[in-house]
Amino acid sequence: MTDTEAAAPYRRERARNAEDANELVGPPVLEQGFKVKALRDVRNDGTYPGRPVGDFLIREGDVGYVISIGTYLQMYYVYAVDFFEKQVVVGMRARELQVIDAHCNDPQ
């Protein structure tokens, strides 16, 4: 195990994989207002203020709402998800989320 792996054992994914397709060639998979569920735990990698590095921000199964859509590395869509019960907003990729209700904000 390298020093980097020992210092940050919770970082398992590389930011960019050469085999990944550019998601930005098509529209975003999710939209603002979608109710979603986290498919994995998310820990603070040092970019979330006020929380210790390695602290769990959200857990698998936590529910939130997509509040905005951005991009990362000019290749990926990143969805800002408000996990209101945890009082935390986390940026996640579509593959890390499952849609619970796509019509929760539609007028009735």
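The figures that follow rest on heavy atoms only: side chains count, while hydrogens, waters and symmetry mates do not.
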Which pair of non-hydrogen atoms, one from [X] and one from [Y], has the smallest distance, and what is that distance?
X   : Y   : result
V89 : Y48 : O-CE1, 3.4 Å
A38 : I58 : CB-CD1, 3.7 Å
F84 : V63 : CE2-O, 4.0 Å

Enter the distance from R40:CZ to R95:CZ here, rounded to the nearest 0.5 Å. 8.0 Å
Distance, nearest 0.5 Å, that separates CG of D82 from CD of Q87: 9.5 Å
Side chain to side chain contact (heavy atoms under 4.5 Å, CB included) between V78 and T71: does it pass, once the steps are laid out? CA-CA 5 Å; V78 176; T71 61; over 6 Å; no
Within the structure provided, determine whether D45 and V53 are in side-chain contact (heavy-atom separation under 4.5 Å). no
Is the shortest heavy-atom distance from the side chain of Y79 to the side chain of P28 under 4.5 Å? yes
From CA spacing to verdict: salt bridge (Lys or Arg N to Asp or Glu O under 4.0 Å), K37, D62: CA-CA 6 Å; K37 176 175 73 170; D62 285 347; over 6 Å; no
Can you sort out the partners of D55 under side-chain hydrogen bond (donor to acceptor under 3.5 Å, both in side chains), two or more places apart, ordered by chain and number? R51
Residues in salt bridge (Lys or Arg N to Asp or Glu O under 4.0 Å) with D41, at least two apart? R59
Should L57 and L39 be regarded as members of a common hydrophobic cluster, given that ILVMFWY residues are connected when their side-chain heavy atoms come within less than 4.5 Å of each other, either directly or indirectly? no
Does one hydrophobic cluster hold both I69 and L24, with members joined at side-chain heavy-atom distances below 4.5 Å? yes
Which residue is it: V42, I67, V36? I am looking for the one with a side chain to side chain contact (heavy atoms under 4.5 Å, CB included) to V81. V36
Determine whether M92 and F83 satisfy the following criterion, side chain to side chain contact (heavy atoms under 4.5 Å, CB included), listing intermediate values before the conclusion. CA-CA 12 Å; M92 300 184 76; F83 292 93; 3.8 Å; yes
Could you check whether any side-chain N or O of E96 sits under 3.5 Å from a backbone N or O of R93, counting only pairs where one atom can act as donor and the other as acceptor? yes
What about the rings of Y65 and F34, do their centers lie closer together than 6.0 Å? no
